[in-house]
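The next block holds one structure in the form of structure tokens; read it before the comments.
Whatever order the structure lists ligands and atoms in, that order sets their numbers, starting from 1.
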Amino acid sequence: MISYNDSTKTFKLDTPGTSYVMVLIDEGKYLGHAYYGKKIADDDVRFLTRFEENPFTPGNNPAEKQGFFDVFPMEYPFGGTGDNRAACINVIDKFGGEGLELVYKSHKIIDGKPDIPGLPASFSKRNDTGEGTAKTLIITLTDEILSLDVDLYYSVFDDVDVITRSVRVHNAGNDTLFLTRCLSACLDMDAASGEKALSFYGTWAREHQIEIRDITYGGEVTGSLRGEEGHDSTPFIGILSKNADYKCGDVYGMNLTYSGDFLGSVKKNAFDSCRAVIGINPEHFTWKLNPDDSFYAPEAVLTFSSEGLGKMSRNYHDFYRMHLIRSPWQFKERPVLINNWEATYFDFDSDKLISIAKEAEKAGIELLVCDDGWFGHHRNQPSGDLGDWFVNEAKIHGGIDKLANEIKSCGLKLGLWFEPEMISFESDLYKAHPDWVLSLKGRAPSACRDQYVLDFSNPEVVDFIYGEMENVLKSAPIAYLKWDMNRPLSDVYSNYLPRDEQREIWHRHVLGVYEIQERLVNEFPELLIENCSSGGARFDAGMLYYSPQIWCSDDMDPIERLMIHEGTELLYPISSMGSHVCKEKNDITGRVVPFETRALCAMIGTFGYELDITKLSEEDRAKIPEQIALYKKIQPLILSGDYYRIASYRETGKIYPGATGAYDCVMVVAKDKKEAIVLYVGGLARPNSKSKKIILDGLDPDANYEITPITLTGNPPDKKFSAHGSTLMNAGMLIHPENKDFFAEMFILKVN
Ligand code: GLA
């Protein structure tokens, strides 16, 4: 619901449980942010902007216009004219001066939600369910001197506590301008509402680690300068009240639907007001705006929860499932897959793949992914051949079509790996087009994994790569595609763009990726796409628009995955997390974790195997059908249930010295609360300890649940029990970890 009150000049946006209020101050000139939080009845909360306090509005006190700009809670702050906090927008004029002043011009309210040209964006209604609708408010601000119009888009959804924001900047004048900053959203609030900032850190094999810090006068910044968010960040910033945890406290989330460099920052000022902004990182950004050109900033997805981080996660999960992920696979059972990467690395041929497929079929696996190494002339190491997207018949005898058909006769479908954004110097493509590599003039570009980045700002390159992929995909029945990206951008110079557009490349690269994925989605609508970037370096809402699942991390050690999953699940649906059962001894950590625990942990995600099934013992192979049967049983919950975090390995590890006894526990509850699963995973066994009490969440307090424990250790004694939701959520239940390291147990709850 969106309303505008002309007498108070306030805009009020209401979601089912939240309100967002903006106000036009100073004779309707400046757009201020008055309130975002739990739903309120009144729209006239202008007083919250303190416009009647010193320094007053410029209309009342022209002598202190700069002071007003510097303290007023701006809805879309502009730089260069007095607001010295973080600006959302700044622009260089034809004289070289940088600064602008935005005032209200007009607004309209429309049904539905417009697309953002070239960019991923949420939509009003899912075609397959027809549920959920949106309305959009478009407020146009303008700089009268520059003839620059700025349209602020706000979409409000009737089924979830989310407000999306995006921006269109239009040069309506006769002079060329340069945008030096164009962020997507700002939230100004009293500092008491935001005491802490939540962001992410990490590295390869340790992605999406949660960090919570005090918001200080010095400010807290998160961001990326890698051309993607990278392993060490996520395009999100959370603002938390002092004691917020998974169940309690106020939480604001700002998550960007974008897959390139980003900036998120939050800072207190001397008046204890706090400004949070998010958008494309200005460090690598300048955009030339010729007369009549428009620039579109990516969408920011805002949510507010007064029930802690848990409700924030559920808001995001619901929203992304219902309003962002377009794939027809979103609510469909995903095939249980086996990927040959950690099974064989580059050392395979089609005979090896077929032998894997034969054993996989017996175990009930449905799809074989042929990972890196099937293409070019000699890709037997991570060096050479990127860009040469034709089959290497020395390895794949008789070609992809033959392989797909042989795999099919084993009863499986075939998936294929690509790394479309990259080029190797050792490749036919480089020989033909050396000018297609991003590379600073006169300097050899820095290698990473012995590979280089293609110039996706050049439409010819984008078109060529799409054509190569299209040829392969049309040549054989390929059911699944893994799109990888194994290095950050560097040496960013394009032979294609003129000098004054070089700082557009970082964003244009992302637009090129989106363009190819958009074409794939349209031409191959049934293709199941899994995005990936050297593990989980590009796990964001932008990529979810094209693929319903994303590879979460190359680290498949289930204990390491507890922290990686905790961070990922905070924002993204569990059905989007690519999650595989690894070998007995993990290749990255060297840790040996029981097969049962590896399998149970991988079930919180899109389940698959990444080991050489032909080398497993008969005994272990015999366990797989039971694991798959369990996953199939719980998959409807994984696809659409509500996620609750009960205990975090990250947190419990702090409680137990030496980390013995640390544990993790999550729940997924059906929307109708008739079914649920609980997964408990322990770390190192704690000697001489008692059972663990866990307090469940999200159940129907009045329903009586039958609870079936599952350890996958074969024919356990029937330990079923039953209890009411109110008991489980208040008194709790006990877990009796077996006397061993890395013990896992799943509980299936069903209303009696
Ligand atoms: C990246 C991916 C892996 C695998 C390899 C292949 O590291 O994250 O899953 O596909 O590339 O080179």
Side-chain angles (χ1 to χ4, degrees), residues 202-208 226-232 259 337-349 352-353 356 367-376 378-389 392 395-396 414-424 426-427 447-453 469 472 478 480-488 513 528-540 543 547 549-558 560-561 564-565 568 576-583 586-589 602 605-612:
T203 180
W204 176 75
R206 269 193 283 126
E207 295 91 336
H208 310 152
R226 295 171 181 273
E228 56 172 354
E229 64 261 27
H231 298 98
D232 55 346
S259 313
L337 64 82
I338 186 158
N339 179 304
N340 77 312
W341 177 241
E342 286 212 357
T344 65
Y345 293 106
F346 292 100
D347 184 16
F348 68 90
D349 62 7
K352 176 70 199 173
L353 296 176
I356 292 177
L367 187 140
L368 173 94
V369 180
C370 172
D371 211 280
D372 194 351
W374 58 268
F375 53 92
H378 37 57
R379 188 152 168 100
N380 293 317
Q381 65 290 312
S383 182
D385 294 293
L386 290 172
D388 291 350
W389 299 111
N392 178 352
K395 287 174 100 169
I396 309 295
L414 180 68
L416 221 49
W417 180 98
F418 286 86
E419 194 174 356
E421 294 150 78
M422 298 294 153
I423 182 165
S424 310
E426 282 294 314
S427 65
C448 176
R449 219 192 187 212
D450 207 8
Q451 65 191 54
Y452 305 89
V453 184
M469 296 179 79
V472 178
I478 293 161
Y480 161 108
L481 181 150
K482 178 172 173 186
W483 176 307
D484 207 343
M485 198 275 201
N486 277 312
R487 62 158 294 171
V513 171
L528 174 56
I529 302 179
E530 177 155 350
N531 269 293
C532 168
S533 176
S534 197
R538 196 161 61 185
F539 202 124
D540 60 62
M543 300 318 281
S547 68
Q549 58 196 59
I550 302 179
W551 185 227
C552 208
S553 175
D554 282 347
D555 192 342
M556 286 172 268
D557 174 335
E560 293 303 313
R561 278 277 184 141
I564 297 169
H565 281 195
T568 315
S576 66
M577 297 194 309
S579 181
H580 297 168
V581 182
C582 67
K583 297 173 198 171
N586 184 269
D587 275 358
I588 292 173
T589 60
T606 58
F607 187 67
Y609 292 81
E610 196 158 330
L611 40 72
D612 189 345

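Residues L353 and N340 form a side-chain contact, since some pair of their non-hydrogen atoms from C-beta on lies under 4.5 Å apart. The closest side-chain heavy-atom distance from M577 to Q549 is not below 4.5 Å.
Here K352 pairs with D612 in a salt bridge; the nearest charged N to carboxylate O distance falls below 4.0 Å. Salt-bridge formation is detected for the pair R226/D232: a Lys NZ or Arg NE/NH1/NH2 atom is positioned less than 4.0 Å from an Asp or Glu carboxylate oxygen.
For ligand 1, the atoms lying closer than 4.0 Å to a non-hydrogen atom of S534 are 1 (C), 7 (O), 8 (O). Distances below 4.0 Å separate heavy atoms of W341 from the following atoms of ligand 1: 3 (C), 4 (C), 5 (C), 6 (C), 12 (O). Residue-ligand proximity, N486 to ligand 1, at heavy-atom distances under 4.0 Å covers atoms 1 (C), 7 (O), 11 (O). Of all the atoms in ligand 1, the ones that sit under 4.0 Å from a non-hydrogen atom of K482 are 3 (C), 4 (C), 9 (O), 10 (O). Which parts of ligand 1 touch G535 is read off a 4.0 Å heavy-atom cut-off, strictly below it: atoms 8 (O). Remark: ligand 1 atoms within the under-4.0 Å shell around heavy atoms of R449 are 5 (C), 6 (C), 11 (O), 12 (O). Counting atoms of ligand 1 from 1 in the listed order, those under 4.0 Å from a heavy atom of C532 are 2 (C), 8 (O).
Contacts between E419 and ligand 1, counted as non-hydrogen atom pairs separated by less than 4.0 Å, are absent for every part of the residue.
The protein non-hydrogen atom at the shortest distance from atom 10 (O) of ligand 1 is D371 OD1, 2.6 Å. When only non-hydrogen protein atoms are considered, atom 12 (O) of ligand 1 lies nearest to D372 OD2, 2.7 Å. Looking from atom 3 (C) of ligand 1 to the surrounding protein, the closest heavy atom is D554 OD1, 3.4 Å. Of the protein's heavy atoms, D484 OD2, 3.1 Å lies nearest to atom 2 (C) of ligand 1.
Using a 4.0 angstrom heavy-atom cutoff, P382 does not count as in contact with ligand 1.
Residues W341 and F346 bring their aromatic ring centres within 6.0 Å.
For the residue pair D385/S424, the side-chain donor-acceptor check at 3.5 Å is not satisfied. For N486 and E419, the side-chain atoms include at least one donor-acceptor pair closer than 3.5 Å.
Screening D388, D372, D371, D347 for a salt bridge (charged side-chain N to carboxylate O under 4.0 Å, His left out) involving R379 leaves a single residue, D372.
Aromatic ring orientation, W374 versus W389: tilted (interplanar angle from 30° to 60°).
Remark: ligand 1 and E610 share no N or O pair separated by less than 3.5 Å (distance only, no angle test).
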